[in-house]
Protein chains: 2
Amino acid sequence: MQTPIPDIVVSRLPVYFQTLQTMQAEGQHTTSSKELGEKLGISAAQIRKDLSQFGEFGKQGTGYIISFLIDQLKTILNMDHSWDVAVIGAGNLGKAIAHYHGFAPQGFNIKLVFDTSPDLIGTNIGDLNILDIDELIPCIKKAGVKIAMLTVPDAAAQAVADELVKAGIEGILNYTSTPLNLPPRVVHLRHSDPVSQLQHMTYYIGKSK
Amino acid sequence: MQTPIPDIVVSRLPVYFQTLQTMQAEGQHTTSSKELGEKLGISAAQIRKDLSQFGEFGKQGTGYIISFLIDQLKTILNMDHSWDVAVIGAGNLGKAIAHYHGFAPQGFNIKLVFDTSPDLIGTNIGDLNILDIDELIPCIKKAGVKIAMLTVPDAAAQAVADELVKAGIEGILNYTSTPLNLPPRVVHLRHSDPVSQLQHMTYYIGKSK
DNA sequence: GAGAATTTGTGAATAATTTCGCAAATTCAG
DNA sequence: CTGAATTTGCGAAATTATTCACAAATTCTC
């Protein structure tokens with residue numbers, strides 16, 4: 001790859017991918033950038049430009065064969081195999097994630113769950129045993145897990161994230177409100193704090209009154 | 001407001017706001033765009049430009065008085081009063097959100113929880129009674145709630161979202177993987193699907209191997 | 001089979017965002 | 001009190017992202 005694909009383009013691919021999967025589930029075989037764009041509130045040109053970064057997947061006059069485009073996106077997003085995921089923090093949110101059945105069908109297997117609380121360690125969530133966070137590094141290394149979802153209390157977030165890096169984790173989905181300070185070439189971070197997202201909305205909602 | 005503030009600027013304000021709150025909690029009184037930027041991995045110039053959209057909050061040579069800047073951001077983000085929130089869907093994620101204690105201190109009160117399941121309707125989550133989703137419109141109208149968090153199964157997402165619009169909801173934080181199609185001037189949408197976020201990361205993680 | 005209608009991929013134009021660079025204000029060191 | 005060091009806010013420049021517009025390929029209509 002000579003010039004890296006812009007991150008903003010990459011961020012749209014999962015949305016295309018999931019929409020195409022829904023279309024396929026509804027029995028549709030082909031689509032066009034126009035149709036996809038209308039469904040997503042994005043311009044057709046943008047979808048074509050985005051996809052053109054990776055190759056030529058469509059056909060003039062016809063559009064895109066959904067199954068083919070799904071396969072291409074699957075490869076591009078490295079979703080042609082499944083990924084193991086660790087959940088750090090078995091509080092309310094961590095538990096909900098560990099219980100959620102929407103990950104596995106999309107190729108994400110919750111493999112490890114950690115917490116600090118002696119009341120939780122050793123108990124089960126579904127068929128997952130909650131592990132002691134002190135064992136984080138050896139357990140993650142042993143399991144070879146590369147992705148972690150961080151659902152610990154804010155105060156612990158940075159320290160736990162530092163441990164995750166030492167354990168060889170390569171991607172952290174951060175649900176805390178603490179912005180993490182980590183070496184950028186080593187770990188891929190995504191901040192998904194619900195409070196920030198609500199505040200982003202209140203900016204606009206307040207304005208309309 | 002003549003030219004609207006770019007959304008990308010607005011999206012960064014909650015991060016500044018929360019970081020400043022943390023600094024204040026740690027006893028700090030002033031900061032600079034340089035310090036804030038280093039903490040967040042953002043350039044100092046960008047922070048200054050972002051803030052300059054709303055006014056002049058700093059002082060040359062000194063930087064920013066944290067308490068003052070927090071107050072300003074609180075007003076800008078309309079967080080100078082608290083907001084009531086409805087959670088739609090009392091499955092794993094909905095339950096976790098309803099139980100989560102991180103919202104109230106930041107001014108978001110979970111006021112209503114809805115579900116379809118007769119097994120859940122009438123039962124309690126903490127001191128919140130789960131309501132029948134058939135009562136969505138009258139309950140939300142009566143309570144005057146403006147913000148909803150959507151945690152229903154994918155298949156129901158669009159239909160429920162349409163109801164929310166009819167009920168007068170002005171902001172939806174969408175945790176489903178369904179991209180919602182809603183009138184853009186009426187509702188402010190934020191898509192926060194964990195699967196998409198993981199796929200955004202797998203793009204990069206796969207590349208490094 | 002001919003002409004109209006679709007639709008892609010892409011170069012060029014436009015628009016949006018970020019970074020640069022610096023005058024002005026302020027603080028700090030001695 | 002003086003000179004060095006900070007730091008802001010902002011115009012200008014550079015960079016990045018989106019939209020436009022159209023040739024080329026294909027399908028559709030009759």
Side-chain angles (χ1 to χ4, degrees), chain A residues 1-16 19-20 23 28-73 76 184 200 203-204, chain B residues 1-16 19-20 23 28-73 76 184 200 203-204:
Chain A
M1 209 183 312
Q2 286 191 301
T3 44
I5 309 288
D7 184 66
I8 196 160
V9 173
V10 177
S11 75
R12 284 188 290 258
L13 299 183
V15 181
Y16 302 162
T19 307
L20 289 163
M23 287 174 162
Q28 209 174 327
H29 284 99
T30 63
T31 187
S32 64
S33 58
K34 181 160 176 282
E35 184 188 38
L36 201 50
E38 276 164 8
K39 202 160 286 216
L40 293 172
I42 288 177
S43 79
Q46 173 146 87
I47 290 172
R48 292 201 302 274
K49 251 289 197 285
D50 284 351
L51 294 176
S52 76
Q53 301 266 0
F54 301 95
E56 304 190 3
F57 305 128
K59 207 172 169 187
Q60 284 126 317
T62 314
Y64 302 91
I65 293 168
I66 291 178
S67 62
F68 176 73
L69 191 50
I70 287 176
D71 278 354
Q72 295 297 310
L73 286 170
I76 292 166
H200 186 168
Y203 171 84
Y204 293 105
Chain B
M1 207 184 312
Q2 285 189 299
T3 44
I5 309 289
D7 184 65
I8 196 157
V9 172
V10 177
S11 76
R12 284 187 292 258
L13 300 183
V15 181
Y16 302 161
T19 306
L20 289 163
M23 287 175 162
Q28 210 174 325
H29 285 97
T30 63
T31 188
S32 65
S33 58
K34 183 163 175 280
E35 184 187 38
L36 202 49
E38 277 164 8
K39 203 160 286 216
L40 294 173
I42 287 177
S43 78
Q46 173 146 87
I47 290 172
R48 292 202 300 276
K49 228 351 174 246
D50 284 353
L51 294 176
S52 76
Q53 301 265 1
F54 301 95
E56 303 190 5
F57 306 129
K59 207 172 169 186
Q60 283 126 317
T62 314
Y64 302 91
I65 294 168
I66 292 178
S67 61
F68 175 73
L69 190 50
I70 286 176
D71 278 355
Q72 295 298 310
L73 286 170
I76 292 166
H200 186 167
Y203 171 83
Y204 293 104

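Side chains included, hydrogens not; waters and symmetry mates left out as well; all remaining heavy atoms used.
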Is there a side-chain polar atom (N or O) of B:S43 under 4.0 Å from OP1 or OP2 of C:dT19?
yes
Looking at the side chain of A:S52, which of D:dT18, D:dG9, C:dG9 is the nearest nucleotide?
C:dG9
Using whole Å, what does the distance between atom C1' of nucleotide D:dT18 and atom CG of B:D7 come to?
15 Å
If you compare every side-chain N and O of A:R48 against the phosphate oxygens of C:dG9 (OP1, OP2), does one of them come in below 4.0 Å?
no
So, OP1 or OP2 of D:dT18: does either fall under 4.0 Å of a side-chain N or O from A:Q46?
yes
May I ask you to verify if any side-chain N or O of A:Y64 is less than 4.0 angstrom from the OP1 or OP2 atom of C:dG9?
yes
Decide side chain to side chain contact (heavy atoms under 4.5 Å, CB included) for A:F54 and A:L13; before the verdict, give the C-alpha distance in whole Å, the side-chain angles of both, and the deciding distance to 0.1 Å.
CA-CA 11 Å; A:F54 301 95; A:L13 299 183; 3.6 Å; yes
Under 6.0 Å from the CG atom of B:L40, do we count more than 12 heavy atoms belonging to anything else shown?
yes
For atom CD1 of B:I8 and atom P of D:dA17, their distance in whole Å:
9 Å
What's the CG-P distance between B:L69 and D:dT8, to the nearest Å?
11 Å
Going from CG on A:L69 to OG1 on A:T31, what distance comes out if it is rounded to the nearest 0.5 angstrom?
9.0 Å
From the list D:dT19, D:dA25, C:dA24, which nucleotide is the closest neighbour of the side chain of A:Q60?
D:dA25
Students often get this wrong, so: under 4.0 angstrom with heavy atoms, is B:L51 touching a base, only sugar-phosphate, or nothing?
nothing
Can you list the steps and then say if A:H200 with B:V10 is a side chain to side chain contact (heavy atoms under 4.5 Å, CB included)?
CA-CA 6 Å; A:H200 186 168; B:V10 177; 3.8 Å; yes
When rounded to whole Å, the CD to P distance for the pair B:E35 and D:dT7 reads 9 Å
Could you point out which residue of A:I76, A:D7, A:V9 forms a side chain to side chain contact (heavy atoms under 4.5 Å, CB included) with B:Y203?
A:I76
In whole angstroms, how far is the C1' atom of D:dG9 from the CZ atom of B:F54?
15 Å
Quick note, A:P6 side chain, CB onward, closest among D:dG9, D:dA17, C:dC20 is D:dA17
What integer distance in Å separates B:I5:CD1 from C:dT18:P?
13 Å
Phosphate OP1/OP2 of C:dT7 contacted by A:T62 side-chain N/O (<4.0 Å):
no
Between C1' of C:dT14 and NZ of A:K49, the distance in whole Å
12 Å
Under 4.0 Å from OP1 or OP2 of D:dG9: is there any side-chain N or O of B:K59 that close?
no
Nearest whole angstrom, please: distance from the P of D:dC20 to the CD1 of A:I42.
15 Å
Side chain of B:S32, heavy atoms from C-beta onward: which of D:dT8, C:dT17, C:dT7 has the nearest atom to it?
D:dT8
